[in-house]
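Structure, as structure tokens:
Positions are given from 1 along the sequence. Atoms within each ligand, like the ligands themselves, are counted from 1 in listed order.
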Amino acid sequence: MLYSALCIVSLWTCILAFPLPPEIEKIDYQQWKIAEEYLNKYYAYFPEPYESNMEDKIKKLQKFFGLSETGVLNPETMEIIQKPRCGVPGVENFQLYPNTPKWPSNVVTYRILSYTLDMPKYKVDQLVEKAFAQWSEVSPLIFKRVLIGDADIMTSFTRGAHGDFNPFDGPGGILAHAFAPGIGLGGDAHFDNDEQWSDGSQLGVNFLFTATHEFGHSLGLAHSSDPKAVMYPTYRIFNSEDLFLSDDDINSIQTLYGKGSS
Ligand SMILES: [Zn+2]
Ligand SMILES: [Zn+2]
């Protein structure tokens with residue numbers, strides 16, 4: 001009886017510990033599941049769809065975020081995993097997507113389909129315009145708002161499952177996501193309406209910062225591993241009404257579209 005109980009206990013330990021070294025004991029089972037879900041979501045798609053085990057995925061995450069590549073779920077790795085972030089999966093070491101999708105014209109249209117109740121509509125309109133202006137100031141791109149019909153970048157606040165197989169997850173976690181340039185969903189930017197959105201003057205997720213990040217994806221930029229870049233995947237606490245692109249952001253947009261005239 002004692003023997004079989006021991007077997008069960010050691011089998012259970014094996015399941016939980018594999019493939020990680022003894023440090024796993026510091027991470028509880030719930031955190032392990034959170035990490036597994038995160039890694040499968042953000043480190044499974046590129047470059048090959050079904051490659052690699054957890055340890056490799058942990059190393060990829062650690063490399064991207066500049067941690068030492070131990071392959072172990074240590075506390076600093078868990079800290080990154082539990083930060084609010086953009087829902088777009090990681091593309092390792094690319095500032096652009098592998099096949100560099102971009103808009104064929106420098107005139108890109110956008111439409112705001114729905115709003116949040118956290119800010120007045122005019123404020124959302126202003127911040128969307130300001131977010132696009134970040135990118136147009138350093139490139140030849142011109143953004144034109146349309147009020148009806150289709151637009152290149154359809155922007156909306158939405159919650160939970162919303163028809164693109166990338167459901168939102170309630171408050172925290174994923175804040176928003178956007179699609180690279182293309183037809184249909186291509187270019188569209190979705191913001192999780194279960195977040196508390198802010199214009200930077202009160203508590204909440206800074207909408208200008210998040211929108212500038214998501215529109216970067218809408219224009220063809222992938223995530224940057226530079227913590228100063230707007231295109232860094234995790235959300236920084238940002239209580240300001242202003243925002244600046246980093247050199248890395250500017251280089252990436254100019255690689256795609258050129259420098260512009262100003
Ligand atoms: Zn992102
Ligand atoms: Zn979506």
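Computed with the Zn ion (ligand 2) at the centre, the His190 ND1 to His162 NE2 angle is 110°, stated to 10 degrees.
For the Zn ion (ligand 2), the nearest N, O or S atom contributed by Asp164 is named OD2. His217 has its closest N, O or S atom to the Zn ion (ligand 1) at the position named NE2. In terms of distance to the Zn ion (ligand 1), the nearest N, O or S atom of His223 is named NE2.
Side chains of Ile58 and Val72 form no contact here, defined as non-hydrogen atoms less than 4.5 Å apart.
Side chains of Asp118 and Thr116: a donor-acceptor N/O pair is present below 3.5 angstrom, by distance only. Residues His217 and His177 have side chains that never bring a donor and an acceptor to within less than 3.5 angstrom of each other. Side-chain atoms of Arg85 and Tyr232 form no donor-acceptor pair, as typed in the model, at a separation below 3.5 Å.
At a cut-off of 2.8 Å, His177 does not coordinate the Zn ion (ligand 1) through any N, O or S atom. Here Asp188 fails the criterion, with no N, O or S atom under 2.8 Å of the Zn ion (ligand 2).
Screening Arg145, Lys130, Arg111 against Asp125 for a salt bridge (Lys or Arg N to Asp or Glu O under 4.0 Å) leaves a single residue, Arg145.
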